[in-house]
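We name chains A, B, ... by the order of the sequence lines, and we start the count at 1 in each one.
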2 protein chains.
Amino acid sequence: MDSSLVHSPRHDRTTAAILDAAAHVLAADGAAASMADVANAAGVGRATLYRYFETRESLLEALAADAVAEAGARLADAGLDGVPVELAIERIVRAIVAVGDRYAVILREEILPDREEVERLLGAPIRAVFARGVRTEVLRSDVTLEILLELFGGLLTSTIKLVGQRRVGLEDAAAAVTDVFLQGSRAQ
Amino acid sequence: MDSSLVHSPRHDRTTAAILDAAAHVLAADGAAASMADVANAAGVGRATLYRYFETRESLLEALAADAVAEAGARLADAGLDGVPVELAIERIVRAIVAVGDRYAVILREEILPDREEVERLLGAPIRAVFARGVRTEVLRSDVTLEILLELFGGLLTSTIKLVGQRRVGLEDAAAAVTDVFLQGSRAQ
DNA sequence: CCGTACTGAGACACTAGTGTCTCGGAGGAG
DNA sequence: CTCCTCCGAGACACTAGTGTCTCAGTACGG
């Protein structure tokens, strides 16, 4: 291990506080939020913010990487392969929505982090579930898998927005979006 | 009529060209696009752009109002009240997605134009169809109407993105999203 | 053919944000 | 207690965008 990678506990705490504040501020104000806003929200000086993240871009990258890593970890812990596709989809919804406004930053703006990382940690496992769904004839095959994934993403985005606005709880939202995605909005 | 509201044909054409270019540029580059970018894309000088729209904000407002008006006109022409809810929803999808990247500007950024205008021209007719769907038991009632509308909006957003990227045609997209929204993604 | 009105180009002032640097102070480790 | 490190505050240069203005050229109608 390189000793330069080891940080003091306070350093780690400050980093976390900055990323946390950045997630909230950016989710609220979008790309309009400035570094000063982030520093303010994090309760640190602007100079300190720049000591932790050299540029605005690197802050965004770190934030995105953080969100992807956390969402990926939740997906990895969800045991998607061992359960029926319907349940797996519900767990995916829960995992993504739980990461919430951190993920919203990535979706809203174009702060795409490492494409490979996104594909490896999020794309692949989700795609696997959908592919299994189509293969086992649980999911419809008359719509492209890619389109199905894109529509699923759209539903997730609006759900994150709903949860972020506290208009609906995480559990209700996850259940509703899973149900609507699988069954549709038609009655019965 | 106030004669100050009458414009020469060329003036109207230039206005349209600017709005058109602005819609494309903003759909592509998002809020990052500058007035210089818009002027460039419209093939006019920056000074001329400012002669037509006093500020960046007024340009965005005009663009949003334009998009809302066009989408509203399509909805009004769609005869939503006279057809079954399923067909009405398909027509809504087609109307909104057809306006395409003009509408994307509104959805992506927070350039909300006149809230009242949006509600009157878009919200009300769409809400009416959904309310009728719930009342006639075509649409499920175990999910709030508001949530259903929000999820519908999420599907529309991702569909606009798909169509904008030419990954799927307008007709296919409208059919797919209507079908998925009503029937869900489950096979059969 | 002429003049009027519009246009593009560019200079300009102004604002806001970014990233750098310095300095005095505070707080924790020894 | 003392030293050492980190922090906040603020000054600073720089960049990019906005909005204003002027001026020479041009298209178009009369």
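- Partners of B:A33 according to the side-chain contact (heavy atoms from CB on, under 4.5 Å) rule, which considers only residues two or more places apart in sequence or in another chain, are B:V25, B:L26, B:D29, B:D37.
- Nucleic acid contact class of B:Y52 (heavy atoms, under 4.0 Å, all strands): sugar-phosphate only.
- Distance CG (B:N40) to C1' (C:dG8): 12 Å, rounded to an integer number of Å.
- Residues forming a side-chain contact (heavy atoms from CB on, under 4.5 Å) with B:V163 (at least two apart in sequence, or on another chain): B:V97, B:T159, B:V168, B:A173.
- Not counting sequence neighbours, the partners of B:F53 by the side-chain contact (heavy atoms from CB on, under 4.5 Å) test are B:T15, B:I18, B:L19, B:L49, B:S58, B:L59, B:A62.
- Partners of A:R120 under the side-chain contact (heavy atoms from CB on, under 4.5 Å) rule, at least two apart in sequence or in another chain, are A:E117.
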**Report entry** Under 4.0 Å protein heavy-atom contacts per nucleotide of nucleotides 12-25 of chain C, with B for base, S for backbone only and - for none
**Finding:** -----SBBBBB---

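- The separation between B:L49 atom CG and C:dG10 atom P is 17 Å, rounded to whole Å.
- Partners of B:Y52 according to the ring-ring contact (aromatic ring centres under 6.0 Å, His included) rule, which considers only residues two or more places apart in sequence or in another chain, are B:H11.
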